[in-house]
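Contents: one structure, followed by commentary.
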Number of protein chains: 2
Amino acid sequence: MAVTIETRRQQIENAASALFRERGYAATSVRDIAQALNLQGGSLYAHVASKEDVLWSIVSRAADRFQADVGPLAQWDTPAPARLRQMITAHVAVVTSEQRDAVVFLHEWRFLSHDRREQMAGRRDAYEALFRKVIGDGVESGDFARIDPRMSAMAILSSLNGIASWYRRDGELSAEQISERYAAFFLRALACAPTA
Amino acid sequence: MAVTIETRRQQIENAASALFRERGYAATSVRDIAQALNLQGGSLYAHVASKEDVLWSIVSRAADRFQADVGPLAQWDTPAPARLRQMITAHVAVVTSEQRDAVVFLHEWRFLSHDRREQMAGRRDAYEALFRKVIGDGVESGDFARIDPRMSAMAILSSLNGIASWYRRDGELSAEQISERYAAFFLRALACAPTA
DNA sequence: CCTACCGATCGGTAGG
DNA sequence: CCTACCGATCGGTAGG
């Protein structure tokens with residue numbers, strides 16, 4: 001068993017992430033976060049500059065994970081269907097393994113300051129573009145039907161992100177089973193000839 | 001032009017819905033709502049019992065709309081593919097025409113009191129069951145491939161609900177175009193023979 | 001990291 | 001529907 005050494009800062013971020021996920025950012029007080037670590041409210045400020053700073057750290061590290069785990073797969077020169085399948089699998093893996101941060105990333109980022117929100121919006125758009133690209137590639141190569149890459153990328157990502165809202169580690173389906181089924185489902189939608 | 005007569009209560013709910021959507025329930029104060037109607041903070045309480053009561057009204061009327069517009073379609077005895085297509089179209093129509101309430105319904109319902117939250121969870125599950133049912137019917141009849149109705153219903157609804165987060169009334173695609181494309185996309189996923 | 005505190009704001013109420 | 005107010009809590013700071 002690897003022992004993870006958490007700095008105080010990381011402990012704060014983890015406790016905050018759990019609370020932000022459960023109650024939402026705005027409904028969580030700095031005293032709630034402090035209490036989770038058996039600290040006094042004001043003591044947090046020895047480690048963080050502001051409550052919003054903690055949110056920024058959580059949202060940033062979630063964005064980093066998606067980018068690090070999915071981004072490289074999008075660059076491969078493999079056929080679009082196989083490439084998209086890998087991207088879906090990796091995205092679901094982040095959503096399920098980093099569920100706590102992922103939920104905060106998806107739902108609480110609007111509480112960031114204007115500048116940070118804009119910055120994160122840019123990263124999100126670049127990430128979505130990876131999916132638009134691979135779908136567009138598949139349409140061009142004839143592997144996919146002539147669908148709208150923009151719309152189908154949104155449809156797919158909305159579905160995959162939705163998993164963060166209902167996935168349970170002790171549920172019936174493992175993360176691998178879920179990603180396999182979602183990938184099969186969406187690849188059928190893209191690769192099949194249109195009916196009627 | 002039909003003139004809509006709004007009661008004060010409805011004005012409050014509409015102003016609150018807009019604010020809850022923009023800032024979130026927890027970050028919206030009763031004074032914010034009052035200010036939007038040129039009232040003093042305390043004056044709201046001549047019309048509503050509590051802030052949470054206003055949220056409940058908004059969430060309830062959104063749930064009512066989904067149930068009223070989609071529910072009956074699920075009862076038809078038409079073939080599953082046509083029935084699901086109608087349900088998707090109707091769901092997207094509610095999401096886009098009642099976007100403000102829909103966003104609040106989808107994102108802010110967790111701020112309801114315990115009892116009301118439970119009640120709404122029940123309604124949501126019954127609603128999702130309509131989609132599971134029609135998909136299950138399609139699998140049984142052979143119109144759909146042998147997929148998991150539970151998973152595909154979640155995938156579809158997550159996607160359709162995601163539309164509430166990006167749809168713009170002045171955007172490139174009309175609500176009708178969107179629902180048409182989403183319906184075609186998902187019906188392909190369900191109705192096509194599996195690839196590889 | 002604690003104690004003690006700051007001004008601001010919160011949801012809600014009394015009385016008119 | 002307003003004025004004036006309630007106790008509670010908010011994010012954050014000073015000084016140790």
Side-chain angles (χ1 to χ4, degrees), chain A residues 5-60 104-105 107-117 120, chain B residues 5-60 104-105 107-117 120:
Chain A
I5 298 171
E6 273 181 317
T7 64
R8 206 48 158 160
R9 169 80 193 207
Q10 286 171 323
Q11 290 178 2
I12 292 171
E13 288 171 13
N14 291 339
S17 185
L19 288 164
F20 292 167
R21 179 191 168 188
E22 283 167 34
R23 316 181 184 176
Y25 175 79
T28 301
S29 74
V30 295
R31 285 165 182 81
D32 292 333
I33 301 168
Q35 196 179 34
L37 299 164
N38 289 312
L39 297 179
Q40 295 301 314
S43 305
L44 276 189
Y45 289 89
H47 304 95
V48 307
S50 70
K51 181 185 168 189
E52 192 250 358
D53 235 58
V54 178
L55 177 61
W56 175 245
S57 294
I58 298 165
V59 168
S60 294
V104 175
F105 171 68
H107 290 73
E108 310 299 330
W109 71 298
R110 60 175 164 158
F111 295 105
L112 292 169
S113 68
H114 176 81
D115 286 357
R116 287 173 161 174
R117 205 169 54 244
M120 202 48 68
Chain B
I5 298 171
E6 274 181 315
T7 63
R8 207 47 159 156
R9 169 80 193 206
Q10 286 171 324
Q11 289 178 2
I12 292 170
E13 288 172 12
N14 291 339
S17 186
L19 288 164
F20 291 167
R21 178 191 168 189
E22 283 167 33
R23 314 179 185 179
Y25 174 79
T28 301
S29 74
V30 295
R31 285 163 182 82
D32 291 334
I33 302 168
Q35 197 179 33
L37 299 165
N38 288 313
L39 297 179
Q40 296 301 314
S43 304
L44 276 190
Y45 290 88
H47 304 96
V48 307
S50 71
K51 181 186 167 188
E52 191 249 0
D53 234 58
V54 178
L55 176 62
W56 174 244
S57 295
I58 297 166
V59 168
S60 293
V104 175
F105 171 68
H107 290 75
E108 311 298 330
W109 71 298
R110 60 176 166 157
F111 294 105
L112 291 171
S113 68
H114 176 80
D115 286 357
R116 288 173 161 174
R117 204 169 54 244
M120 201 48 68

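Within every chain, numbering begins at 1; the chains are lettered A, B, ... in the order of the sequence lines, protein sequences first and strands thereafter.
- Taking B/E6 as the reference, B/N14 meet the side chain to side chain donor-acceptor pair (under 3.5 Å) condition, with sequence neighbours excluded.
- Looking at A/E108 and A/R21, no side-chain N of the basic residue comes within less than 4.0 Å of a carboxylate O on the acidic one, giving no salt bridge.
- In this structure, CD on B/E52 lies 9.5 Å from CZ on B/R117, to the nearest 0.5 angstrom.
- Of the charged side-chain nitrogens involved, none lies within less than 4.0 Å of a carboxylate oxygen, so that A/K51 and A/D32 do not count as a salt-bridged pair.
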For DNA chain D, the expected dot-bracket line (Watson-Crick or G-U under 3.5 Å, [ ] crossing, | inter-strand) is ||||||||||||||||
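- For the pair B/F111/A/R23, no side-chain contact is recorded, criterion being any heavy-atom separation below 4.5 Å from C-beta on.
- The shortest side-chain heavy-atom distance between B/I33 and B/E13 does not fall under the 4.5 Å cut-off.
- Not one N or O on the side chain of B/E22 forms a donor-acceptor pair closer than 3.5 Å with the backbone of B/L19.
- The shortest distance between side-chain heavy atoms of B/R116 and B/S60 does not fall below 4.5 Å.
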Is there a side chain to side chain contact (heavy atoms under 4.5 Å, CB included) between B/D115 and B/M120 once you walk through the steps? CA-CA 9 Å; B/D115 286 357; B/M120 201 48 68; over 6 Å; no
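- Within residues 38-46 of chain A, the residues approaching DNA chain D are A/G42, A/Y45, by heavy-atom distance under 4.0 Å.
- Residue B/Q35 qualifies as open at atom CD: its count of foreign heavy atoms under 6.0 Å is 12 or below.
- Listed in residue order, the members of residues 49-56 of chain A having a heavy atom less than 4.0 Å from DNA chain D are A/S50, A/K51.
- A heavy-atom distance below 4.0 Å to DNA chain D is reached by these residues of residues 22-35 of chain A, ordered by number: A/T28, A/S29, A/V30, A/R31.
- At a threshold of 4.5 Å between non-hydrogen side-chain atoms, the residues B/V54 and B/H47 do not count as touching.
- For the atom pair CG of A/L44 and OG of A/S50, the computed distance is 11.0 Å after rounding to the nearest 0.5 Å.
- Residues A/L55 and A/F20 form a side-chain contact, since some pair of their non-hydrogen atoms from C-beta on lies under 4.5 Å apart.
- In 5' to 3' order, the nucleotides of DNA chain C bounding all contacts with chain B (an atom under 4.0 Å from a heavy atom) are C/dC10 to C/dT13.
- Remark: side-chain polar atoms of B/S43 are not paired, donor with acceptor, to backbone N or O of B/L39 under 3.5 angstrom.
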